[in-house]
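Take a look at the structure below.
Bear in mind the structure is a predicted one, so any value in this text is a computation, not a measurement. Here is how names work: the chains are called A, B, and so on, in the same order as the sequence lines, proteins then strands, and each is numbered from 1. Both backbone and side-chain heavy atoms feed into the values below; hydrogens, waters and symmetry mates do not.
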Amino acid sequence: KEAYDSLMRSLCEFDKPREAFDFLSEQTAKGHFFNVSTYNILIKSFAKCGNMDAAYKVFEMMERCGHAADLVTYCALVDGYVKNKNMDQACKVFDSMAVAGCLPDVAAYTTLIRGFCKANQMDKAYATLRNMIAVGNKPDVVLYSILIDGYCKAKKSEGCIKLLDDMKTCSIAANVVTYSTLIDGCCKAGQIDKANILLSEMIKAGCSPNVVTYNAMIDGFCQSGATEMALKVLAEMENKECHPTVVTYSSLICGLCKAGKASDACKLLKKMPKSGCKPNIITYNGLIDGLCKANKVDDAHGLLDELLKTGFTPNVNTYSSLIDGYCKIKNVDMAVKLFGQMRRFCSPNVITYTTLIRGLCSSGQINSARKMFDEMNNDGIHPDIYTYNVLLKGLCRARRSEEARELMK
RNA sequence: AAGUUGAACACAGCG
């Protein structure tokens, strides 16, 4: 009987929740009882595959079979809704747990709060924190780190400072994740000096940086064009036997290309397998985009063709980069051609359309740009503020401000 | 012994 639960675990581990569900239904019909933990694993697996409807069905099924959902069940559901960006449902399930007599713990609150952070609703995140404290729970370092990350990404440094203060007051020590979060926040805000200070601070506090900490620093340097500094960090990592990951290499490769050091980037790419890293689509997209931005659009295109021969599947980012590259060197025809080709692999999104519309405008093909704008709407892709900016600018520059005014409505 | 709750890092568009 244990074997059934363990089979379920394996199926879920290999992302086969459908099969697991069928097996569960079949055996349940025959009178077998599964552990609650097995149901929980299945819910998690459906959530991971983005199928929250199925996850919820499992939840309903367990109640029907007389299994009481536990904290883990509710957490799995809330986390699933959070990760699938459905905060309304996440809140509903969260609220229902107390009603069902299952009081949320700090981890459960944290799951929900993280959802608010990721949805850029820091007010709600903070309100939920206050709520949690009011009912007698103490925030821990994980929760603080999540909130700090939220405030960093929302560019609200006052929020970060206040939380760090709170931590001190409650004598909760920052850990490597807290520091890495802060360091990344500084880097993204262009404050590399501050990031460096934090790095020494953490070491002084007895907290060793890990690969994520270094990756954040490397990316910060790369984004600001300081590739030699980024490479210094890589060397430091290697000295400390902190093994670089695909993220490390992707940052560096992209940064080097953008800095016009494509050959160094390629050297690194070749070095990856030796450090046990395999380039992924982000690595290649970064390389392609970097080449485009360094005015080597043909090289980028050639690289894509090479990759296609090896079975590589490009995505919308890959094509958006190349389309932008061709537009910027005024080869809009090739951009349009790629736009047609991409559908073999993926659909254009608002960024792709906007990029192409901008290209058409700047090459004086306003009518085609307008057509593309219509096509985008027909395609069910909603223009955003960037799209309007681009098209309005194009119309105005072509002395068609009447149409621009029309568009504003 | 481990085995079902929460955290940080890399890719595309106007300015």
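Among the heavy atoms of the strands, none lies under 4.0 Å from A:N35. Among the heavy atoms of the strands lying under 4.0 Å from A:S321 are primed sugar atoms or P, OP1, OP2 only; no base atom is included. The residue A:N315 sits apart from the nucleic acid: no heavy atom pair falls under 4.0 Å. Across all strands, A:L143 comes closer than 4.0 Å to base atoms (heavy-atom distances).
Proximity note for A:Q223 (side chain, C-beta onward) versus B:rA8, B:rU5, B:rA10: the nearest is B:rA10. Of all nucleotides listed (B:rA12, B:rG6, B:rA8), B:rG6 comes nearest to the side chain of A:T111.
Judged by distance alone, with hydrogens and angles left aside, A:N215 brings no side-chain donor or acceptor close enough to the base of B:rA8 to form a pair under 3.5 Å. If you check distances only, the side chain of A:D140 does reach the base of B:rG6 with a donor-acceptor pair under 3.5 Å. Checked by distance alone, A:S250 brings a side-chain donor or acceptor within 3.5 Å of a matching partner on the base of B:rA10. Judged by distance alone with a 3.5 Å cut-off, no donor-acceptor contact links the side chain of A:N285 to the base of B:rA10.
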Chi angles and distances behind the ring pair (Phe, Tyr, Trp, His ring centres under 6.0 Å) call for A:F116, A:Y126: CA-CA 9 Å; A:F116 286 129; A:Y126 192 72; over 10 Å; no
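Side chain of A:S275 to backbone of A:C277: no donor-acceptor contact under 3.5 angstrom is found. Not a single donor-acceptor pair under 3.5 Å links the side chain of A:N35 to the backbone N or O of A:T38.
Taking A:K393 as the reference, nothing meets the side-chain contact (heavy atoms from CB on, under 4.5 Å) condition, with sequence neighbours excluded. Annotation: side-chain contact (heavy atoms from CB on, under 4.5 Å) contacts of A:A294 (sequence neighbours excluded): none. Evaluation of the ring pair (Phe, Tyr, Trp, His ring centres under 6.0 Å) rule for A:H67 yields A:F33, A:Y39 as partners, not counting sequence neighbours. For A:S45, the side-chain contact (heavy atoms from CB on, under 4.5 Å) criterion is met by A:C12, A:P17, not counting sequence neighbours. The side-chain contact (heavy atoms from CB on, under 4.5 Å) test applied to A:I161 returns no partner, not counting sequence neighbours. Residues meeting the ring pair (Phe, Tyr, Trp, His ring centres under 6.0 Å) test with A:Y74, sequence neighbours left out: A:F59.
Regarding A:F116, its CZ atom lies at a distance of 15 Å from the C1' atom of B:rG6, rounded to whole Å. Straight-line distance from the NZ atom of A:K258 to the P atom of B:rA10: 12 Å, rounded to whole Å. When the P atom of B:rC9 is taken as reference, atom NZ of A:K188 falls 7 Å away, rounded to whole Å. For the pair A:L198 CG and B:rA8 C1', the computed distance is 13 Å after rounding to whole Å. Atom pair A:N280:CG and B:rC9:P shows a separation of 15 Å (rounding to whole Å applied). The distance between atom CG of A:L307 and atom P of B:rC11, rounded to the nearest whole Å, is 18 Å. Atom CD1 in A:I281 sits roughly 12 Å away from atom C1' in B:rA12 (whole-Å rounding). Protein atom CD1 of A:I218 is 12 Å distant from nucleotide atom P of B:rA10, rounded to whole Å.
Consecutive Watson-Crick or G-U pairing (both distances under 3.5 Å) never extends over three or more pairs in RNA chain B.
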Would you give me the side-chain donor-acceptor pairs under 3.5 Å for residues 193-205 of chain A, sequence neighbours excluded?
from, atom 1, to, atom 2, distance (Å)
A:S200, OG, A:N196, O, 2.9
A:S200, OG, A:I197, O, 3.4

Counting only pairs under 3.5 Å, give me each side-chain donor-acceptor contact of residues 359-371 of chain A, with atom names and distances, residues two or more places apart or in other chains.
from, atom 1, to, atom 2, distance (Å)
A:S362, OG, A:R358, O, 3.1
A:S362, OG, A:G359, O, 3.3
A:S363, OG, A:G359, O, 3.4
A:S363, OG, A:L360, O, 3.2
A:S363, OG, A:Q365, NE2, 3.0
A:N367, OD1, A:R400, NH1, 3.3
A:N367, OD1, A:R400, NH2, 3.0
A:R370, NH1, A:E403, OE1, 3.0

For residues 329-348 of chain A, which side-chain donor-acceptor pairs fall under 3.5 Å, sequence neighbours excluded?
from, atom 1, to, atom 2, distance (Å)
A:N331, OD1, A:M334, N, 3.1
A:R343, NH2, A:Y353, OH, 3.4
A:R343, NH2, A:D379, OD2, 3.1

If you restrict it to nitrogen or oxygen atoms, what contacts under 3.5 Å exist between nucleotides 13-15 of chain B and the protein, and what is each distance?
from, atom 1, to, atom 2, distance (Å)
B:rG13, OP1, A:K293, NZ, 3.0
B:rG13, O4', A:T355, OG1, 3.1
B:rG13, N1, A:D384, OD2, 3.0
B:rG13, N2, A:T354, OG1, 3.0
B:rG13, N2, A:D384, OD1, 2.8
B:rG13, N2, A:D384, OD2, 3.1
B:rC14, OP1, A:K328, NZ, 3.0
B:rC14, O2, A:N389, ND2, 2.6
B:rC14, N4, A:Y386, OH, 3.3
B:rG15, OP1, A:K393, NZ, 3.4

Find every protein N or O atom lying less than 3.5 Å from an N or O atom of nucleotides 2-4 of chain B, and list the pairs.
from, atom 1, to, atom 2, distance (Å)
B:rU4, O2, A:N40, ND2, 2.9

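Atoms CE and SG, from A:M217 and A:C222 in turn, are 11.0 Å apart once rounded to the nearest 0.5 Å.
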